[in-house]
Structures are given as structure tokens and as C-alpha cells.
There are 2 protein chains.
Amino acid sequence: MPTYSDNGPDPSEQDTNLPPPEQHARQYAAVRDAHETELIEDYVELIGDLLDHAGEARATDIAARMGVRQATVARMIRRLNDQGLVTNEPYRSIFLTERGRTMAEESRKRHGVVLQFLRSLGVDDATARIDAEGMEHHVSETTLGIMHEFTRRQNNGGD
Amino acid sequence: MPTYSDNGPDPSEQDTNLPPPEQHARQYAAVRDAHETELIEDYVELIGDLLDHAGEARATDIAARMGVRQATVARMIRRLNDQGLVTNEPYRSIFLTERGRTMAEESRKRHGVVLQFLRSLGVDDATARIDAEGMEHHVSETTLGIMHEFTRRQNNGGD
DNA sequence: TGCACAGTTTAGCCTTGGCTAAAAAAGTTT
DNA sequence: AAACTTTTTTAGCCAAGGCTAAACTGTGCA
């Protein structure tokens with residue numbers, strides 16, 4: 001039976017010491033890597049959501065939902081196109097490529113797991129949505145699995 | 001006309017519907033805001049840690065631990081100085097101002113709560129450290145409080 | 001003392017992701 | 001069809017945060 005409280009050696013000591021420099025550097029590098037991809041993922045996820053819910057993804061709607069100007073969106077769309085994540089013909093709606101769809105689906109799933117986890121923890125909906133949006137890109141697969149399991153138990157148990 | 005934007009409170013539907021555009025935009029805005037401050041906070045936190053543990057904070061050490069070049073650190077130090085977070089004389093070690101110390105302390109605390117929470121959840125130490133580094137800046141006060149409480153219970157209960 | 005090396009700083013390049021302003025295309029209304 | 005509005009695109013500005021290369025300072029050792 002896996003348990004939640006199976007943490008490592010004496011936690012009271014571990015916080016006060018710094019990790020070795022190389023490990024420390026890898027931690028920050030992981031954060032920087034996440035930053036590089038996360039905006040891309042957010043756009044792709046949003047485009048996927050818009051396609052599903054509204055049937056089309058227009059630059060205006062993306063801009064309104066991202067809270068940025070259309071010019072910013074236009075340039076980002078070009079970048080997504082360059083990276084083979086979307087297809088778009090001038091002055092037409094935007095669609096996801098196969099790769100784009102895969103990314104959108106993964107993002108959506110990941111986002112959902114984090115959001116539900118936060119709700120399961122007892123975080124109110126509005127706060128959970130904001131936090132999930134930011135946390136989503138910094139949660140490893142390992143942690144994501146644990147969050148998923150936690151949520152499942154919480155929902156089964158609290159029935 | 002699309003109807004997806006005016007969704008009711010029905011909880012089973014909430015995941016599949018998009019939030020209203022303005023709320024959606026505020027979520028992304030919160031993430032962008034966090035990004036603006038988080039690197040600053042990371043530097044200040046690291047400088048505080050180095051001062052505590054090594055007695056001084058040298059640019060070389062900061063660079064090694066952040067995993068960036070010294071030139072990058074040098075410019076960041078200048079920014080921190082401009083913002084009244086550190087004091088530094090040319091070719092000398094770096095120190096925190098009162099404001100810097102406050103920020104470092106808050107960051108350290110926040111970081112600690114998230115890290116311990118992840119450990120309490122059952123995440124292994126190395127993974128927890130990486131995830132905490134990224135998540136730290138995206139966790140609201142509300143959620144932080146809940147995480148803290150969760151950890152406390154877990155540690156008391158699993159004793 | 002003087003020289004070499006380590007550490008720091010400066011200068012300047014690149015990409016990203018905001019922005020505004022203005023041009024161009026599409027859509028709507030009269 | 002012409003005129004007006006909305007949407008999209010393009011051009012160009014700015015700050016942030018990486019980088020390299022080179023200049024400068026300080027320290028330690030022969």
C-alpha cells in the first residue's frame with residue numbers, strides 16, 4: 001500500500017543546507033526550460049480549447065483571452081506556424097497540426113490534473129484556476145502522477 | 001452566436017467550459033506578473049542563502065548556482081541595486097538591504113512550505129526540489145496556507 | 001616588486017514578448 | 001457598389017535575460 005507520508009531522511013535538517021552547486025544550477029535550469037516552452041503551450045492549449053468550444057480560433061478571441069494585443073497574438077501565431085504547431089492562411093482562422101493537437105491535449109490533461117488536485121486540497125475555484133495556470137508547467141510527471149492519485153482517492157473517499 | 005462564454009455553476013461542466021474571457025485574461029496576467037518578479041526573488045533568496053551559509057555572496061558563486069555566466073549575474077546585481085534590494089561596492093561582496101532581507105526571508109519561507117508539502121505528498125527529494133523551485137512563485141497565499149496545514153497534519157499524524 | 005591568474009565589470013549581440021501605429025484585407029450595411 | 005467597421009497583418013520601439021569578448025581590479029606567489 002503506497003502511502004503519502006513516505007518522505008526521506010530527517011526533514012528538519014534538509015532545508016537549512018544548500019544543495020551542491022551543480023544540482024542547484026540544474027534546478028534553475030529546469031525552471032528556465034519550462035519558461036521557454038510554457039507560453040507556447042498556453043497558446044496551443046487555448047487554441048485547442050477555442051476550436052473545441054467555439055468551433056474556430058480567431059486572433060481576436062485569443063487576444064481577449066490571453067489579455068494581450070492582437071499584434072502580439074499575430075506574431076505568436078507565426079512562431080507557432082514556424083514550429084509546425086498550427087496551420088493558418090492569411091486572414092483565416094487558425095487550426096492545429098497533428099503535433100499541435102497532441103501538445104494541446106497533453107497540456108489540457110496536465111492542466112486538468114493540477115486544477116482538480118488543487119480543488120481536492122480545498123482551494124476555492126477561482127484561486128485554483130489562477131494557481132493551476134501558473135503551476136501547470138512546473139510540475140514534473142512524477143508529481144503529476146501523485147497529484148492524480150491523490151485526487152482520485154479524495155473523490156472516491158469523500159463520496 | 002457562440003454560447004460557451006456564459007456558463008453556469010454546474011460543477012460537472014466546469015472543466016469542459018472555458019471561463020469568461022476577462023477572467024481567463026486575468027489568469028494569464030497573473031502568470032505574467034509572477035514571471036516579472038520571480039527571477040528577482042530567486043536571486044535575492046539565493047544571495048540570502050549564501051550569506052547565511054557561506055558568510056558572503058560572491059558573483060562567481062551566484063553564477064555557479066544559478067547556472068548562468070558571471071556577466072549575466074553582474075547585470076542582475078546592478079538591477080537589484082537599482083531596486084534597493086542589495087548593496088554592493090565594485091569588486092566587493094554583495095549584501096542585502098533591509099528590503100532585500102525581507103524579500104529573501106519571505107521567499108525562503110514560501111519555498112520551504114512548497115518543498116515540504118511536496119515531500120509530504122510523497123514526492124522524492126530531488127524531484128520535489130526541482131518542482132518547488134518552479135512552483136514557488138505561482139502559489140497564492142490561500143493555497144500556501146492550505147499546503148502548510150496539510151504538511152503539518154501529515155507530519156503530526158504520520159509520526 | 002612584479003607578474004599571472006582569478007574574479008568582476010562593461011560593451012555589445014541575440015531572442016522573446018509586451019506595446020503602438022498604420023496598412024491591408026474581409027465583412028457588413030446602406 | 002461604395003462606404004464604413006472589424007479583423008488581421010506588418011513595422012518598429014522597448015525591456016528582460018541569456019550569451020561572448022574584452023577590459024579592468026585585486027590577490028597571491030615567485
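Reminder, nothing fancy here: chain letters follow the sequence lines and each chain counts from 1. Every heavy atom of this structure was used, including side-chain atoms; hydrogens, water molecules and symmetry mates were not. Quick caveat, the model's predicted, so the values are computed rather than measured.
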Do A/V123 and A/I146 belong to the same hydrophobic cluster, where Ile, Leu, Val, Met, Phe, Trp and Tyr are linked whenever their side-chain heavy atoms lie under 4.5 Å apart, directly or via other members? yes
Would you say that A/L96 contacts A/T87 through its side chain, given a criterion of any heavy-atom pair below 4.5 Å between the two side chains? no
Please state how far atom NE2 in A/H35 lies from atom P in C/dG18, giving the value in whole angstrom units. 13 Å
Output the rounded distance in Å from CZ (B/R32) to C1' (D/dA16). 15 Å
Mind calculating the distance between CG (A/D33) and C1' (D/dG18) to the nearest angstrom? 12 Å
Need to verify one output field. Residue with the more 5' nearest nucleotide on DNA chain D, B/T72 or B/Q83? B/Q83
If two hydrophobic side chains count as joined below 4.5 Å and joins carry through other members, does B/V68 share a cluster with B/I94? yes
Selection residues 89-100 of chain A - residue pairs positive for side-chain hydrogen bond (donor to acceptor under 3.5 Å, both in side chains), sequence neighbours left out: A/E98-A/R101
Checking B/L39 now: which residues fulfil side-chain contact (heavy atoms from CB on, under 4.5 Å) with it, not counting sequence neighbours? B/Y43, B/M66, B/M76
Set of residues satisfying side-chain contact (heavy atoms from CB on, under 4.5 Å) with respect to A/A132, sequence neighbours excluded: A/H111, A/V114, A/L115, A/L118
Among residues 55-69 of chain B, which residues get a heavy atom nearer than 4.0 Å to DNA chain D? B/V68, B/R69
Taking only residues two or more places apart in sequence or in another chain, which ones pass side-chain contact (heavy atoms from CB on, under 4.5 Å) with A/E106? A/T102
Tell me which residues in residues 36-44 of chain B lie within less than 4.0 Å of DNA chain C, going by non-hydrogen atoms. none
Of all residues at least two apart in sequence or in a different chain, which pass the side chain to side chain donor-acceptor pair (under 3.5 Å) check with A/D33? none
Ion pair B/R129/B/D125, N-O distance below 4.0 Å: yes
B/R108 vs B/D49, salt bridge (charged side-chain N to carboxylate O under 4.0 Å, His left out): CA-CA, chis, key distance, verdict: CA-CA 8 Å; B/R108 199 195 55 73; B/D49 284 343; 5.6 Å; no
Contact check, residues 84-95 of chain B vs DNA chain C, heavy-atom distance under 4.0 Å, returns B/P90, B/Y91
Quick one: list whatever passes side chain to side chain donor-acceptor pair (under 3.5 Å) with A/R152, sequence neighbours left out. A/E149
For B/M76 and D/dC19, what is the distance between atoms CE and C1' respectively, to the nearest whole Å? 13 Å
Please list all pairs passing the side-chain hydrogen bond (donor to acceptor under 3.5 Å, both in side chains) test where one or both residues lie in residues 137-147 of chain B, with sequence neighbours left out. A/D131-B/S140, A/D131-B/T143, B/E41-B/H137, B/D42-B/H137, B/R110-B/E141, B/S140-B/T143
Can you list the residues that meet the side chain to side chain donor-acceptor pair (under 3.5 Å) rule with B/R75, with sequence neighbours excluded? none
Give each protein N/O atom lying under 3.5 Å from an N/O atom of nucleotides 10-13 of chain C, with the pair distance.
none

